[in-house]
Student: 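Have a look at this one before I ask anything.
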Amino acid sequence: MPPEEKAASRNFIQQIIDADLAAGKNDGRVHTRFPPEPNGYLHIGHAKSICLNSALAREYDGKFNLRFDDTNPAKEEQEYVDAITDDIRWLGADWEDRLFFASDYFDQLYAWAVQLVEAGKAYVCQLDAEQMREYRGTLTEPGKPSPYRERPPAENLALLEQMKAGEFPDGSHTLRAKIDMASPNLNLRDPVMYRIKRAHHHRTGDRWCIYPSYDFTHGQSDSIEGITHSICTLEFENHRPLYDWFCQSLGIHHPQQIEFARLNLTYTVMSKRLLLQLVNEKHVAGWDDPRMLTIRGLRRRGYTPSAIRAFCERIGVAKANSTIDMAWLEDAIREDLNEHAPRAMGVLRPLKVVIENYPAGQVEQLEAANHPQKPEMGTRQIPFSREIYVEQDDFMEDAPKKFFRLSVGREVRLRYAYFITCTDLVKDSDGNIVELRCTYDPATKGGNAPDGRKVKGTIHWVSAPHAVNASVRLYDHLFAVEEPGKAPAGGTFLDNLNPNSLELLADAQLEPALRDAEPGSQFQFERNGYFFVDPVDSKPGKPVFNRTATLRDSWTKNELS
RNA sequence: UGGGGGAUAGUUUAAUGGUAGAACUGCGGACUCUGACUCCGUUAGUCUAGGUUCGAAUCCUAGUCCCCCAGCCA
């Protein structure tokens with residue numbers, strides 16, 4: 001279909017906004033926000049929300065805020081604030097000068113609480129946590145009113161002041177909205193607006209001993225900031241009536257809450273609790289372990305912001321729960337890196353090859369393209385000599401006919417170098433192949449035969465005396481099953497861990513230019529995959545590589561089937 | 001067994017009463033100095049049963065299945 005005929009497909013949120021704009025709501029403004037709680041690290045699921053909110057603002061020429069929902073000092077820390085802002089900036093979402101904290105609004109929130117008390121819409125309750133649960137009722141039975149529900153406003157006001165002044169112990173009093181104890185929506189059964197909690201807040205210090213609840217904070221914070229569309233995940237759908245109730249009761253700007261389905265991915269878990277457990281119990285090296293789908297983990301794995309953004313765009317947004325195939329994420333990073341990563345040669349599991357008819361001590365510099373499809377990325381020189389390394393997988397003693405690599409009597413091309421023919425192999429006393437003997441054809445320099453003969457296979461190699469010895473980490477899915485969250489009978493999700501998710505290669509041999517690879521830079525090791533120079537563990541002259549993704553491999557795949 | 005949401009190829013997602021389309025995956029092939037990339041082809045779908053209509057994924061009725069809610073977490 002010609003592009004001009006193809007109407008851009010609109011997701012349900014865009015359709016809502018289109019309709020709002022057409023109806024003249026919000027004076028034509030679109031203003032979104034991302035509201036993380038600073039109690040953990042961001043993961044790929046948050047990236048979906050960040051990309052969604054910031055992309056919407058950009059698309060409609062609107063604004064995007066970053067606001068920390070920091071109403072629970074017991075769990076929140078400055079460390080997380082720093083990590084989260086850093087990750088969001090890295091992702092490329094721009095909140096300009098609009099970085100806010102719900103705690104910035106504590107005074108206003110308190111004033112609004114007073115307003116509701118005076119209006120007879122809120123009261124101080126002295127039920128303890130357990131009693132409150134009993135009074136709340138169940139899913140099928142209505143709750144019953146708290147004995148403190150009918151306290152007159154003046155009394156409530158005095159009590160609230162005392163709560164704020166620190167005259168009561170933690171947990172002894174709450175401020176509750178007076179809504180409907182019989183509502184089928186339990187969130188409306190007089191929800192808590194303020195609780196007493198003596199904890200040091202990362203921003204307000206010890207100024208407060210009472211803290212507002214999520215429900216009494218979120219909508220009003222959106223309102224203060226002039227948010228037009230407050231986009232959150234599905235589990236808050238049941239809270240929307242409350243969101244609306246507070247905005248209406250207070251008579252303030254009323255943003256529209258819209259819920260979408262959170263991201264799920266195969267072969268991973270996404271809940272903060274499980275992620276935390278993986279870190280605490282040291283099943284991974286930390287929040288930035290490259291196998292973690294935290295933003296920090298993805299960064300260290302070598303994922304790029306644009307790949308993550310492309311992924312988030314592609315997966316779409318809807319209200320139906322879904323689980324995206326991990327292959328989509330891998331596809332996104334391959335697409336980006338295939339385009340941008342310079343090529344290099346690296347032998348992961350070396351097998352020594354001696355080219356018997358190549359003069360000992362001779363070294364030639366051969367020219368190699370940095371990107372076969374992009375000449376503008378230039379070329380580099382690679383040394384060639386009598387002894388080289390090739391990949392162990394590129395030799396097979398009893399090779400099937402369609403194995404287009406090395407075997408005794410077979411000829412292959414060494415990429416950018418010569419055709420070589422394997423003549424013999426050397427084994428150690430245990431029968432392991434330790435060396436190959438080959439001959440080369442001097443006429444094929446550069447990789448082409450003047451007589452026009454073809455070879456089916458081209459393999460990568462590294463000159464042994466020039467090679468850089470490096471450690472390389474091969475990463476695979478952290479979990480071995482598609483739905484690791486589902487624990488096997490009698491076990492936990494940990495039983496689903498993939499025992500082979502990390503393979504350490506201490507003896508990889510790389511082409512010499514890689515010795516000084518810049519930490520944080522990326523390469524495609526031809527025929528192997530995309531690799532990222534680890535910014536933490538690399539030392540000058542001693543790079544450490546993390547495999548970001550493999551290349552697609554239709555050969556191995558066929559063999560396995 | 002209360003309330004709120006949801007259901008379109010294997011997986012995501014379009015089509016908003018008018019030819020069910022795309023991407024990822026799978027499979028087959030072409031190309032190739034990366035068994036990569038690229039290109040071509042191909043399998044495969046409207047939860048079920050009724051109804052309205054010339055015409056239904058879309059509207060109506062009745063079911064089925066899945067998710068969320070009983071924190072002083074967010």
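In the text below, chain A, chain B and the rest are named by the order of the sequence lines, each starting its count at 1. Side chains are part of it too, since the values below use all heavy atoms of this structure and drop only hydrogens, waters and symmetry mates.
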Student: Please report the distance, rounded to the nearest Å, between CD in Gln14(A) and P in rA15(B).
Tutor: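 About 10 Å, once rounded to whole Å.
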
Student: Are more than 12 heavy atoms from other residues, nucleotides or ligands located less than 6.0 Å from atom CZ of Arg262(A)?
Tutor: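 It does not: Arg262(A) CZ has 12 such atoms or fewer within range.
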
Student: Can you tell me which nucleotide in rG3(B), rU25(B), rG35(B) comes closest to the side chain of Asp331(A)?
Tutor: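 Side chain of Asp331(A) sits closest to rU25(B).
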
Student: Nearest whole angstrom, please: distance from the P of rC72(B) to the NZ of Lys164(A).
Tutor: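 Taking atom P of rC72(B) as the reference, NZ of Lys164(A) is at 24 Å.
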
Student: Measuring to OP1 and OP2 of rU25(B), would you say a side-chain N or O of Arg552(A) lies under 4.0 angstrom away?
Tutor: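 Checking Arg552(A) against rU25(B): at least one side-chain N or O falls below 4.0 Å of OP1 or OP2.
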
Student: Is the phosphate of rC73(B), meaning OP1 or OP2, less than 4.0 Å from a side-chain N or O of Arg195(A)?
Tutor: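 Answer is yes, contact under 4.0 Å.
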
Student: Suppose we define a pair by two distances each less than 3.5 Å, Watson-Crick or G-U wobble; what does rA7(B) pair with here?
Tutor: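 Paired with rA7(B), as far as the under-3.5 Å criterion goes, is rU64(B).
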
Student: Where the side chain of Phe404(A) is concerned, which of rG2(B), rA36(B), rG35(B) is the nearest nucleotide?
Tutor: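 Looking only at heavy atoms from C-beta outward on Phe404(A), the closest nucleotide is rG35(B).
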
Student: What nucleic acid atoms does Phe403(A) come within less than 4.0 Å of, heavy atoms only: base, sugar-phosphate, or nothing?
Tutor: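 The answer is base, as Phe403(A) lies within the cut-off (heavy atoms under 4.0 Å) of a base atom.
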
Student: Would you indicate what Glu141(A) reaches in the nucleic acid, counting non-hydrogen atoms under 4.0 angstrom: base, sugar-phosphate, or nothing?
Tutor: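 Here Glu141(A) touches no strand at all.
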
Student: So Arg405(A), base contact, sugar-phosphate only, or nothing? Heavy-atom distance under 4.0 Å.
Tutor: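 If one applies the 4.0 Å heavy-atom cut-off, Arg405(A) turns out to touch a base.
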
Student: Can the ring centres of Phe525(A) and Phe531(A) be said to be less than 6.0 Å apart?
Tutor: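 Aromatic pair counts; centres sit under 6.0 Å.
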
Student: Below 4.0 angstrom from OP1 or OP2 of rG71(B), is there any side-chain N or O of Arg133(A)?
Tutor: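 Yes, because at least one side-chain N or O of Arg133(A) sits under 4.0 Å from OP1 or OP2 of rG71(B).
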
Student: Determine whether the aromatic ring centres of residues Tyr214(A) and Phe236(A) are separated by less than 6.0 angstrom.
Tutor: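 Yes.
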
Student: In terms of ring plane angle, is the pair Tyr418(A) and Tyr440(A) parallel, tilted or perpendicular, where the classes change at 30° and 60°?
Tutor: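 Tyr418(A) vs Tyr440(A) ring planes: perpendicular.
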
Student: Once rounded to the nearest 0.5 Å, what's the spacing between atom CZ of Arg10(A) and atom CG of Asp18(A)?
Tutor: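 Output value for this atom pair is 4.0 Å.
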
Student: Find out whether the Lys NZ or Arg CZ of Lys164(A) is both under 6.0 angstrom from the six-membered ring centre of Tyr110(A) and within 45° of the ring's axis.
Tutor: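 Relative to the ring axis of Tyr110(A), which defines the angle, Lys164(A) lies inside both limits.
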
Student: Can we say Arg33(A) and Asp222(A) salt-bridge, meaning some charged N sits less than 4.0 Å from an Asp/Glu carboxylate O?
Tutor: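 Looking at Arg33(A) and Asp222(A), the cut-off is met.
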
Student: Does OP1 or OP2 of rC73(B) have a side-chain N or O of Lys197(A) closer than 4.0 Å?
Tutor: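 So the side-chain polar atoms of Lys197(A) do come within 4.0 Å of the phosphate oxygens OP1 or OP2 of rC73(B), strictly under.
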
Student: Using a heavy-atom cut-off of under 4.0 Å over every strand shown, decide if Tyr194(A) touches base, sugar-phosphate, or nothing.
Tutor: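 Answer is nothing: Tyr194(A) stays at 4.0 Å or more from every strand.
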
Student: Just compare rA74(B), rG2(B), rU34(B) and give me whichever is closest to any side-chain atom of Asn72(A).
Tutor: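 Closest of the options to the side chain of Asn72(A): rA74(B).
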
Student: Just the rounded figure in Å: distance from C1' of rA7(B) to CZ of Phe12(A).
Tutor: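 Whole-Å distance recorded here is 15 Å.
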
Student: On a plain distance test, is the side chain of Gln373(A) in donor-acceptor contact with the base of rU38(B) below 3.5 Å?
Tutor: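 By the distance-only test, no, there is no pair.
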
Student: Name the nucleic acid region contacted by Met345(A), choosing base, sugar-phosphate or nothing; use a 4.0 angstrom heavy-atom cut-off, strictly under.
Tutor: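 No contact.
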
Student: Relative to each other, are the rings of His477(A) and Tyr267(A) parallel, tilted or perpendicular (30° and 60° limits)?
Tutor: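 Answer is parallel, since the angle falls under 30°.
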
Student: Paired with rG71(B) by Watson-Crick or G-U wobble geometry, both distances under 3.5 Å: which nucleotide is it?
Tutor: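 rG71(B) is unpaired by these criteria.
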
Student: If the cut-off is 4.0 Å, is Ser183(A) near the phosphate of rG3(B), judged by side-chain N/O to OP1 or OP2?
Tutor: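 For rG3(B), OP1/OP2 do not have a side-chain N/O of Ser183(A) under 4.0 Å.
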
Student: Starting from the 5' end of RNA chain B, give me the residue, Arg240(A) or His371(A), whose nearest nucleotide shows up first.
Tutor: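 The answer here is Arg240(A).
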
Student: Between Leu406(A) (CG) and rG35(B) (C1'), how many Å, whole number?
Tutor: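 Answer to the nearest Å: 15 Å.
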
Student: OP1 or OP2 of rC72(B) sitting under 4.0 Å from any side-chain N/O of Gln126(A)?
Tutor: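 For rC72(B), neither OP1 nor OP2 has a side-chain N or O of Gln126(A) closer than 4.0 Å.
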
Student: Hey, does Leu127(A) reach any base, or is it just sugar-phosphate, or nothing, if we go heavy atoms under 4.0 Å?
Tutor: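 Result for Leu127(A) = base.
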
Student: I need the CZ-P distance between Arg415(A) and rA36(B), as an integer number of Å.
Tutor: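 Atom-to-atom, Arg415(A) to rA36(B), this comes out as 13 Å.
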
Student: Verify the contact: side-chain N or O of Thr556(A) to OP1 or OP2 of rG35(B), cut-off strictly under 4.0 Å; return yes or no.
Tutor: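 Checking rG35(B) against Thr556(A), no side-chain N or O comes under 4.0 Å of OP1 or OP2.
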
Student: Please work out if Arg343(A) contacts a base, only the sugar-phosphate, or nothing of the nucleic acid, heavy-atom cut-off 4.0 Å.
Tutor: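 Base contact.
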
Student: Give Asp170(A) one of three labels, base, sugar-phosphate or nothing, depending on what nucleic acid heavy atoms sit under 4.0 Å from its own.
Tutor: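 Here Asp170(A) touches no strand at all.
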
Student: Answer yes or no for this row: Trp555(A) ring on rG35(B) base, centroids under 5.5 Å, planes under 30°.
Tutor: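 Yes; by the centre-distance and plane-angle rule, Trp555(A) counts as stacking on rG35(B).
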
Student: Any idea how His46(A) and Phe34(A) line up, ring-wise: parallel (<30°), tilted (30 to 60°), or perpendicular (>60°)?
Tutor: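 Taking Phe34(A) first and then His46(A), their aromatic rings stand perpendicular (interplane angle over 60°).
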
Student: Taking the ring of Phe216(A) and the ring of Phe246(A), is the distance between their centroids below 6.0 Å?
Tutor: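 Aromatic pair counts; centres sit under 6.0 Å.
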
Student: Does rG29(B) adopt a syn or an anti glycosidic conformation, taking syn as a chi angle within 90° of 0?
Tutor: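 It is anti.
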
Student: Return the nucleotide paired to rC54(B): Watson-Crick means purine N1 to pyrimidine N3 with N6-O4 or O6-N4, wobble means G-U with N1-O2 and O6-N3, both under 3.5 Å.
Tutor: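 The base-pairing partner of rC54(B), which may sit in any strand shown, is rG18(B).
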
Student: Is rA36(B) paired to anything, Watson-Crick or G-U wobble with both distances less than 3.5 Å, and if yes, which nucleotide?
Tutor: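 For rA36(B), the partner nucleotide comes out as none, under the 3.5 Å rule.
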
Student: Select base, sugar-phosphate, or nothing to describe what Thr71(A) touches, counting heavy atoms under 4.0 Å on all strands.
Tutor: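 Sugar-phosphate: the residue Thr71(A), judged by heavy atoms under 4.0 Å, touches backbone atoms but no base.
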
Student: Has Arg136(A) got a side-chain N or O lying under 4.0 Å from the OP1 or OP2 atom of rG71(B)?
Tutor: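 For rG71(B), OP1/OP2 do have a side-chain N/O of Arg136(A) under 4.0 Å.
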
Student: Does any N or O donor sit under 3.5 Å from an N or O acceptor when you compare the side chain of His460(A) with the base of rA36(B)?
Tutor: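 When only heavy-atom distances are counted, His460(A) does not reach the base of rA36(B) through any donor-acceptor pair under 3.5 Å.
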
Student: Answer with base, sugar-phosphate or nothing: what part of the nucleic acid does Gln524(A) contact at a heavy-atom distance below 4.0 Å?
Tutor: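 The residue Gln524(A) makes base contact.
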
Student: Enumerate the protein-to-nucleotides 9-13 of chain B contacts in which both atoms are nitrogen or oxygen and the separation is below 3.5 Å.
Tutor:
{"from": "rU11(B)", "atom 1": "O3'", "to": "Thr323(A)", "atom 2": "O", "distance (Å)": "3.2"}
{"from": "rU11(B)", "atom 1": "O2'", "to": "Thr323(A)", "atom 2": "O", "distance (Å)": "3.1"}
{"from": "rU12(B)", "atom 1": "OP1", "to": "Thr323(A)", "atom 2": "N", "distance (Å)": "2.7"}
{"from": "rU12(B)", "atom 1": "OP1", "to": "Thr323(A)", "atom 2": "O", "distance (Å)": "3.3"}
{"from": "rU12(B)", "atom 1": "O5'", "to": "Thr323(A)", "atom 2": "O", "distance (Å)": "3.3"}
{"from": "rU12(B)", "atom 1": "O2'", "to": "Ile315(A)", "atom 2": "O", "distance (Å)": "2.8"}

Student: May I ask which nucleotide in the shown strands pairs with rG45(B), Watson-Crick or G-U wobble, both distances under 3.5 Å?
Tutor: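 None - no nucleotide pairs with rG45(B), as no candidate has both distances under 3.5 Å.
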
Student: Nearest to the Pro372(A) side chain among rA74(B), rU25(B), rU34(B), which nucleotide is it?
Tutor: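 My answer, after comparing the listed nucleotides, is rU34(B).
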
Student: Of the options rC24(B), rG35(B), rA74(B), whose atoms approach the side-chain atoms of Asp553(A) most closely?
Tutor: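 For the Asp553(A) side chain, the nearest candidate turns out to be rG35(B).
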
